Trainee: 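I'd like to ask some things about the structure below.
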Amino acid sequence: MYVCVCNSVTDKDIHRAVMRGVRTFKELKHETEVATCCGKCAGCAKQVLKEAIHHHARDEHALPAFGGLAAA
């Protein structure tokens, strides 16, 4: 989904930025140029950033996939 039409920034772009280490709205603006034109997307961009950070943190703390037990 497009978050920032002016600069063609999508929710996936924001998620990728978080995967690269972006954690603040200021960093996101610098990295993607979201909300640097008209600014109408700022609220949505902040919400997507928050969700992306939460999602990324959850994935980082997930347990590795269980492959089963070796035969004894």
Side-chain angles (χ1 to χ4, degrees):
M1 144 185 94
Y2 277 96
V3 174
C4 176
V5 176
C6 295
N7 293 312
S8 300
V9 179
T10 66
D11 57 334
K12 290 179 183 182
D13 294 325
I14 295 172
H15 278 266
R16 281 191 289 268
V18 168
M19 294 293 288
R20 290 189 302 270
V22 167
R23 293 293 179 274
T24 67
F25 188 62
K26 183 177 179 179
E27 291 172 339
L28 183 66
K29 286 173 69 174
H30 178 73
E31 181 81 16
T32 65
E33 297 187 5
V34 70
T36 60
C37 192
C38 76
K40 291 182 180 180
C41 63
C44 181
K46 288 177 183 178
Q47 182 62 39
V48 173
L49 175 62
K50 181 179 175 181
E51 292 168 3
I53 290 169
H54 178 74
H55 179 80
H56 182 66
R58 186 183 67 219
D59 287 351
E60 280 185 339
H61 293 91
L63 295 174
F66 180 67
L69 294 174

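This is a predicted model, so every value here is computed, not measured.
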Trainee: Shortest non-hydrogen contact from Gly21 to Glu27?
Mentor: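 Taking every non-hydrogen atom into account, O-OE1, 4.1 Å.
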
Trainee: If you measure from CZ on Phe25 to NE2 on His30, what distance do you get to the nearest 0.5 Å?
Mentor: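 It is 14.0 Å, given to the nearest 0.5 Å.
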
Trainee: Same hydrophobic cluster for Met1 and Val5, using side-chain heavy-atom links shorter than 4.5 Å among ILVMFWY?
Mentor: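 No, Met1 does not connect to Val5 through the hydrophobic network.
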
Trainee: side-chain contact (heavy atoms from CB on, under 4.5 Å) with Lys40: which residues, sequence neighbours excluded?
Mentor: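 Result, side-chain contact (heavy atoms from CB on, under 4.5 Å) vs Lys40: Cys38.
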
Trainee: Taking all heavy atoms of Val9 and all of Thr32, pick out the closest pair and write down the distance.
Mentor: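 Heavy-atom minimum between the residues: CG2-O, 3.3 Å.
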
Trainee: In Å and rounded to the nearest 0.5 Å, what is the CG to CG distance from Asp13 to Leu28?
Mentor: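 Atom-to-atom, Asp13:CG and Leu28:CG are 9.5 Å apart.
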
Trainee: With heavy-atom distances below 4.5 Å as the criterion, would you say the side chains of Arg23 and His56 are in contact?
Mentor: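 Yes, side chains in contact.
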
Trainee: Would you say the side chain of Glu51 lies within less than 4.5 Å of the side chain of Gln47, judging by non-hydrogen atoms?
Mentor: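 Yes, close enough: below the 4.5 Å cut-off.
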
Trainee: Check the pair His55 / Asp59 against side-chain hydrogen bond (donor to acceptor under 3.5 Å, both in side chains), numbers first and verdict last.
Mentor: CA-CA 6 Å; His55 179 80; Asp59 287 351; 3.1 Å; yes

Trainee: Applying side-chain contact (heavy atoms from CB on, under 4.5 Å), name anything that partners Glu33, two or more places apart in sequence or on another chain.
Mentor: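 In terms of side-chain contact (heavy atoms from CB on, under 4.5 Å), with neighbours along the sequence ignored, Glu33 is linked to Asn7, Thr36.
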
Trainee: What distance do Ile53 atom CD1 and Arg58 atom CZ have between them, rounded to the nearest 0.5 Å?
Mentor: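 So the gap between those two atoms works out to 13.5 Å.
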
Trainee: Restricting to non-hydrogen atoms, name the atom on Cys6 and the atom on Cys37 that form the minimum distance, rounded to 0.1 Å.
Mentor: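 Heavy-atom minimum between the residues: CB-CB, 3.7 Å.
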
